[in-house]
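Hydrogens, waters and symmetry mates are skipped; everything else that's a heavy atom, side chains included, is used.
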Amino acid sequence: MSSMDKQTEFVLRTIEERDIRFVRLWFTDVLGMLKSVAVAPAELEGAFSEGIGFDGSAIQGFARVSEADMLAKPDPATFQPLPWRGDTQAVARMFCDITLPDGSPSYADPRWVLKRTLARAADMGFTFYTHPEIEFFLFKDRELERPLLPGQPPVPVDDVGYFDHAPQGGGQDFRRTAITMLEKLGISVEFSHHEGAPGQQEIDLRYADALTTADNIMTFRLVVKEVALEQGLQASFMPKPFTEFAGSGMHTHMSLFEGERNAFYEPGADMQLSKVARSFMAGLLRHAPEITAVTNQWVNSYKRLVAGDEAPSFICWGHNNRSALVRVPMYKPHKGNSTRIEYRALDSACNPYLALALLLAAGLKGIEDGLDLPPGTEDDVWALSSAERRAMGLEPLPTSLNRAIQAMERSELVADTLGEHVFDFFLRNKRAEWDEYARQVTEFERMKYLPVL
């Protein structure tokens with residue numbers, strides 16, 4: 001019996017033993033929004049063998065009306081009961097791969113984009129592991145008190161800061177409940193704490209292969225919102241909801257393994273970084289502008305990037321330098337498998353499948369081309385003057401979604417990694433978002449210009 005057959009048999013047996021009444025089949029659209037269809041257990045065996053049909057033209061970026069028929073085929077390895085639905089009439093979930101009617105992978109499926117890139121890494125002998133530090137905000141649910149007026153900012157659940165432990169704090173109670181629920185779903189958590197801004201939380205997931213990480217991020221975002229609703233709160237992954245406070249990022253640690261060996265580790269080398277690690281980092285730096293429209297895909301994402309405050313604004317790397325785009329965390333002597341790099345631009349509102357695929361593709365391109373890593377910087381890049389940055393050769397990341405789109409549309413690497421369909425749809429959608437934003441007249445403009453012009 002094959003591994004897939006064993007997993008399928010386990011799922012079917014578990015559904016019967018635990019009296020699970022509904023199974024939700026999950027997938028994401030091109031923008032990273034979670035989609036779901038519920039099937040009865042009796043239909044699941046057919047779903048494993050043939051898939052569940054749906055209208056792909058109704059999903060953002062999936063298909064034209066003339067190519068609408070698509071199938072969602074559940075991945076039995078992702079089966080988990082949903083703990084917030086209780087034990088009576090229990091509900092489980094599985095992530096799906098999207099296929100065309102002939103059984104071939106859908107060109108529009110973000111999960112397939114990542115799987116295809118991981119297969120390319122495997123052909124080079126590598127497995128890609130990632131560890132995200134996911135930040136988000138918790139707000140009081142004003143609908144329970146009085147609705148927010150237009151333009152009125154949300155109210156954070158607390159008024160404490162980085163690593164603060166507040167007595168009877170809503171944040172720590174929330175994090176404890178959310179982590180318990182994540183672990184019931186088989187998602188291991190490494191750390192959790194209060195972040196720097198009022199109401200801002202961080203929960204870090206353990207290292208996993210990149211496909212598992214992307215699935216876990218999608219599950220994480222739903223769990224956080226479900227727990228918030230249960231506690232009369234609102235959770236948001238908006239990159240920067242407040243002008244005066246730092247935004248929410250998703251600093252992501254990465255490494256390549258060759259079997260059991262960390263390909264980023266070289267004993268005795270500077271910072272214990274191998275040639276593979278250095279070329280991977282060089283690839284990230286060279287291709288950073290063209291992948292930023294995907295790693296930071298919303299208009300609001302750039303309010304975080306241009307502000308500094310733990311978010312990188314310039315393309316550079318450093319050892320333990322938190323103002324750098326790529327950081328080499330402090331290494332642990334005699335623990336070669338802990339050698340890793342950290343990419344700090346990502347925010348937690350991205351499509352994790354596409355973002356991780358592009359980070360991997362950029363790094364692999366650096367390895368293939370044998371790129372040399374430029375000198376690092378240990379200066380606080382935010383504190384340097386423009387002239388000092390120019391003298392050091394520091395180029396900025398795109399400062400707006402519009403500039404990121406312009407860099408992306410010239411990129412062969414992004415087009416090849418995403419595939420023509422996803423590449424074209426993503427660009428069209430982001431251009432439309434930018435055009436809509438550019439037409440807006442903001443409160444800032446009214447306050448600044450009405451009195452004087």
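- A donor-acceptor distance shorter than 3.5 angstrom exists from the side chain of S279 to the backbone of L371, with no hydrogens or angles considered.
- Judged purely by atom type and a 3.5 angstrom limit, S104 has no side-chain atom pairing as donor or acceptor with the backbone of L100.
- Using modelled atom types, no side-chain atom of W298 and backbone atom of P239 make a donor-acceptor pair closer than 3.5 Å.
- For E230, the CD atom is densely surrounded, since the number of other residues' heavy atoms within 6.0 Å is greater than 12.
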Show your reasoning for whether side-chain contact (heavy atoms from CB on, under 4.5 Å) applies to L373 and L285.
CA-CA 9 Å; L373 185 64; L285 296 175; 4.0 Å; yes
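- Here the side chains of M218 and Y353 are in contact, with some heavy-atom distance below 4.5 Å.
- Residue-environment remark: CZ (R286) stays at or below the threshold of 12 foreign heavy atoms within 6.0 Å.
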Run the side-chain contact (heavy atoms from CB on, under 4.5 Å) test on L346 and T295 for me, step by step, so that the C-alpha distance in whole Å, both residues' side-chain angles and the decisive distance to 0.1 Å come before the verdict.
CA-CA 5 Å; L346 274 165; T295 60; 3.7 Å; yes
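- F136 and F237 have tilted rings, their planes meeting at an angle from 30° to 60° on a 0 to 90° scale.
- Around OH of Y437, the count of heavy atoms belonging to other residues, nucleotides or ligands within 6.0 Å does not exceed 12.
- Taken to the nearest 0.5 Å, the OG atom of S192 stands 10.5 Å off from the CZ atom of F174.
- Relative ring orientation between F139 and F137 is described as parallel, the plane-to-plane angle staying below 30° on a 0-90° scale split at 30° and 60°.
- Considering only heavy atoms from C-beta on, T339 stays 4.5 Å or farther from S255 through its side chain.
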Where do E342 and H131 land on the side chain to side chain donor-acceptor pair (under 3.5 Å) test, with the steps shown first?
CA-CA 9 Å; E342 178 188 28; H131 153 64; over 6 Å; no
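- The shortest side-chain heavy-atom distance between L284 and W317 does not fall under the 4.5 Å cut-off.
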Evaluate T180 against K184 for side chain to side chain donor-acceptor pair (under 3.5 Å), listing each step before the verdict.
CA-CA 6 Å; T180 299; K184 287 181 179 178; over 6 Å; no
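- A distance-only check finds a donor-acceptor pair linking the side chain of R93 to the backbone of T78 [under 3.5 Å].
- Within the 3.5 Å criterion, the main-chain N or O of S338 finds a donor-acceptor partner in the side chain of R340.
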Any chance you could lay out the side chain to side chain donor-acceptor pair (under 3.5 Å) test for N402 and S400, step after step, and finish with the verdict?
CA-CA 5 Å; N402 185 43; S400 69; 5.0 Å; no
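- A side-chain N or O of D347 and one of S301 form a donor-acceptor pair less than 3.5 Å apart.
- Taking 4.0 Å as the cut-off between side-chain N and carboxylate O, D123 and R120 do not count as a salt-bridged pair.
- For N296 (side chain) and A345 (main-chain N/O), a donor-acceptor pair under 3.5 Å exists by modelled atom type.
- Taking both residues in full, the closest heavy atoms of L413 and A362 are given as CD1-CA, 4.0 Å, listed atom of the first, atom of the second, then distance.
- Scanning all heavy atoms of the two residues, the minimum distance from D109 to C96 falls at OD2-O, 4.4 Å.
- A 4.5 Å side-chain heavy-atom check between L44 and T8 finds every atom pair outside the cut-off.
- Residues H193 and E195 form a side-chain contact, since some pair of their non-hydrogen atoms from C-beta on lies under 4.5 Å apart.
- Ring geometry for W26 versus F95: interplanar angle over 60°, hence perpendicular rather than tilted (30 to 60°).
- In this structure, the side chains of H194 and R175 come closer than 4.5 Å at one or more pairs of heavy atoms.
- Side-chain atoms of E135 never come within 3.5 Å of backbone atoms of Q200 as a donor-acceptor pair (strictly under, hydrogens ignored).
- Nearest approach of S274 to A263, heavy atoms of both residues: OG-O, 2.5 Å.
- Under a 3.5 Å cut-off, the side chain of N262 and the backbone N or O of F257 do not form any donor-acceptor pair.
- More than 12 non-hydrogen atoms from other residues, nucleotides or ligands lie less than 6.0 angstrom from NZ of K430.
- I315 approaches P396 most closely through the heavy-atom pair CD1-O, 3.8 Å.
- The only member of R111, K73, R116 that meets salt bridge (charged side-chain N to carboxylate O under 4.0 Å, His left out) when paired with D97 is R111.
- When all heavy atoms are compared, the tightest approach of E409 to F423 is CA-CZ, 3.9 Å.
- The 12-atom threshold is not exceeded at CD of E260, counting heavy atoms of other residues, nucleotides or ligands nearer than 6.0 Å.
- Formation of a donor-acceptor pair under 3.5 Å by the K240 side chain with backbone atoms of T243 is found in this model.
- Considering CZ of F314 and CG of L397, their distance stands at 8.5 Å, rounded to 0.5 Å.
- Judged by distance alone, the side chain of E433 and the main-chain N or O of N429 form no donor-acceptor pair under 3.5 Å.
- Looking at every heavy atom in both residues, A311 comes nearest to R304 through CB-O, 3.4 Å.
- In this structure, the side chains of H421 and V113 stay at 4.5 Å or more apart for every pair of heavy atoms.
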